[in-house]
A.B. asks: 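After the structure tokens below, expect a handful of questions from me.
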Amino acid sequence: DYCQLDEVTCIFVVASGSKNAVCPRCGTQSKNVHQNHWYLVKDLPVCDQNTYLKVNRRQWKCQQCNRPFSEELEWLKKRRRYTSRLANHILKQLGKSNIKNVSEVNNVTEAEIERMLKDVENELKNQEVKEVKKLGIDEIALRKGKHNYCAVLVDIENGKLLRILPNRTKEELGGELMKWDKEGL
């Protein structure tokens with residue numbers, strides 16, 4: 001379903017069609033929906049309109065461990081009020097701008113963008129670096145005019161983001177590169 005909230009905002013109602021879910025604690029498949037939890041999450045704009053998804057993230061009751069758990073949605077991380085594709089879109093824009101400008105253009109808060117950066121940083125920490133022939137090192141201005149930057153490491157040949165470092169110091173960069181194995185370098 002969908003509704004037009006005003007001239008610039010559209011809301012789509014979405015729900016998963018799955019009839020069961022797997023308990024993350026014990027791996028048992030559950031068919032008992034315990035509760036319905038509806039959330040409003042921001043998504044990519046459609047025709048220059050702010051777009052939100054009204055999402056039903058169901059809570060299931062495990063028959064084995066007798067505890068509730070929330071439905072996993074691959075495009076929506078837990079405790080986030082924005083979709084993964086919006087986060088990816090915003091992170092690409094940061095290469096050409098700063099957090100303040102990107103937040104204004106996309107109608108999200110600066111804190112949400114900082115959370116997106118932290119999420120990507122945490123995901124990339126565990127990712128193994130292999131066979132990088134050309135390493136690109138750049139910076140993103142977190143606050144324009146405040147000399148607050150983070151460093152971005154990219155595999156240039158594959159166009160793949162490798163790491164986001166919390167600052168751009170020589171020590172931070174050197175420490176990160178020393179963690180990589182010889183194959184990665």
Side-chain angles (χ1 to χ4, degrees), residues 1-24 30 33-60 68-127 138-146 148-154 158-168:
D1 197 6
Y2 79 97
C3 69
Q4 189 77 33
L5 194 59
D6 53 36
E7 297 88 42
V8 294
T9 306
C10 190
I11 298 174
F12 292 93
V13 181
V14 295
S16 172
S18 65
K19 304 289 184 212
N20 52 39
V22 176
C23 176
S30 178
V33 174
H34 181 62
Q35 292 179 345
N36 289 302
H37 291 287
W38 290 92
Y39 299 95
L40 200 59
V41 297
K42 186 157 180 56
D43 196 16
L44 287 173
V46 174
C47 298
D48 290 330
Q49 292 187 335
N50 292 323
T51 303
Y52 291 86
L53 303 178
K54 186 175 178 183
V55 178
N56 182 12
R57 180 174 255 163
R58 299 173 291 183
Q59 196 175 55
W60 301 79
F69 63 93
S70 293
E71 183 170 38
E72 293 288 330
L73 301 172
E74 64 186 47
W75 48 272
L76 180 62
K77 293 182 181 178
K78 287 183 180 179
R79 297 181 185 89
R80 298 293 178 262
R81 298 291 181 176
Y82 48 83
T83 62
S84 297
R85 64 182 170 192
L86 176 63
N88 291 336
H89 177 72
I90 286 172
L91 292 172
K92 285 179 185 172
Q93 292 177 12
L94 286 175
K96 297 179 179 106
S97 189
N98 61 51
I99 288 180
K100 185 176 179 7
N101 291 338
V102 172
S103 73
E104 289 171 1
V105 167
N106 291 284
N107 193 26
V108 296
T109 66
E110 292 177 32
E112 285 176 312
I113 294 178
E114 288 172 359
R115 180 74 252 168
M116 292 172 190
L117 280 168
K118 194 57 112 174
D119 285 346
V120 170
E121 182 183 333
N122 289 335
E123 287 173 17
L124 294 174
K125 276 182 186 175
N126 302 326
Q127 185 180 29
D138 203 354
E139 58 192 25
I140 296 174
L142 299 176
R143 299 266 188 257
K144 190 172 184 176
K146 302 287 184 192
N148 188 0
Y149 298 91
C150 66
V152 180
L153 306 179
V154 178
N158 298 314
K160 182 179 173 189
L161 181 62
L162 300 172
R163 295 286 188 275
I164 297 177
L165 306 178
N167 61 57
R168 62 179 182 169

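This is a predicted model, so every value here is computed, not measured. Atom set for the values below is all heavy atoms of this structure, side chains included, hydrogens, waters and symmetry mates excluded.
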A.B. asks: Which of these passes side-chain contact (heavy atoms from CB on, under 4.5 Å) with Trp60: Ser30, Pro68, Cys23, Ser70?
C.D. replies: Ser30
A.B. asks: Output all residues satisfying salt bridge (charged side-chain N to carboxylate O under 4.0 Å, His left out) with Glu71, sequence neighbours left out; order by chain, then residue number.
C.D. replies: Arg58
A.B. asks: About how many Å separate CG of Leu94 and CG of Asp138, when rounded to the nearest 0.5 Å?
C.D. replies: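 Separation between the atoms: 11.5 Å.
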A.B. asks: Counting C-beta onward and ignoring hydrogens, is there a side-chain heavy-atom pair between Trp75 and Arg85 closer than 4.5 Å?
C.D. replies: no
A.B. asks: Which value, rounded to the nearest 0.5 Å, describes the distance between His37 atom NE2 and Arg57 atom CZ?
C.D. replies: 10.5 Å
A.B. asks: Taking Thr83 for its side chain and Asp43 for its backbone only, find out whether a donor-acceptor pair lies under 3.5 Å.
C.D. replies: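 Between the backbone of Asp43 and the side chain of Thr83 there is no qualifying donor-acceptor contact (under 3.5 Å).
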A.B. asks: Looking at Gln4 and Thr9, what are the two nearest heavy atoms and their distance?
C.D. replies: NE2-O, 3.4 Å
A.B. asks: Atom CE of Met116 and atom OH of Tyr82: how far apart are they, to the nearest 0.5 Å?
C.D. replies: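 Output value for this atom pair is 5.0 Å.
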A.B. asks: Between Glu104 and Lys100 (salt bridge meaning N to carboxylate O under 4.0 Å), is one present in this structure?
C.D. replies: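 Judged by the 4.0 Å cut-off on N to carboxylate O distance, Glu104 and Lys100 do form a salt bridge.
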A.B. asks: What's the spacing between Lys118 NZ and Ile164 CD1 if we round to 0.5 Å?
C.D. replies: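 With rounding to 0.5 Å, NZ (Lys118) is 10.0 Å from CD1 (Ile164).
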A.B. asks: Report yes if some heavy atom in the side chain of Leu76 is under 4.5 Å from a heavy atom in the side chain of Leu53; otherwise report no.
C.D. replies: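 No; the side chains remain at least 4.5 Å from each other.
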A.B. asks: Can you tell me if Asp48 has over 12 outside heavy atoms packed within less than 6.0 Å of its CG?
C.D. replies: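 No, CG of Asp48 has 12 or fewer neighbouring heavy atoms, counting only those of other groups under 6.0 Å.
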A.B. asks: Can you see which heavy atom on Trp38 is nearest to which on Val14, and at what distance?
C.D. replies: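 Nearest pair, atom of Trp38 first, then Val14: CZ3-O, 3.9 Å.
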A.B. asks: For Leu162 versus Val154, what's the shortest heavy-atom pair and its separation?
C.D. replies: CD1-C, 3.9 Å
A.B. asks: For Lys42 and Asn50, run side-chain contact (heavy atoms from CB on, under 4.5 Å): C-alpha distance rounded to whole Å, both residues' side-chain angles, the deciding distance at 0.1 Å, then the answer.
C.D. replies: CA-CA 8 Å; Lys42 186 157 180 56; Asn50 292 323; 3.6 Å; yes
A.B. asks: Would you compute the distance between atom CD of Gln49 and atom CG of Leu44 and round it to the nearest 0.5 angstrom?
C.D. replies: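 Spacing of CD (Gln49) from CG (Leu44) equals 14.0 Å.
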A.B. asks: State which residues pass salt bridge (charged side-chain N to carboxylate O under 4.0 Å, His left out) with Arg163; sequence neighbours excluded, sorted by chain then number.
C.D. replies: Glu176
A.B. asks: As an exercise, state the distance from CG of Leu161 to CG of Leu91, rounded to the nearest 0.5 Å.
C.D. replies: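 Result: 8.0 Å between the selected atoms.
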A.B. asks: Of all residues at least two apart in sequence or in a different chain, which pass the salt bridge (charged side-chain N to carboxylate O under 4.0 Å, His left out) check with Lys77?
C.D. replies: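 Only Glu123 meet the salt bridge (charged side-chain N to carboxylate O under 4.0 Å, His left out) criterion with Lys77.
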A.B. asks: Mind listing the closest non-hydrogen atom pair of Asn167 and Ala151 along with its distance?
C.D. replies: O-CB, 3.6 Å
A.B. asks: Contact between His89 and Asn106 at the side-chain level, heavy atoms closer than 4.5 Å - yes or no?
C.D. replies: yes
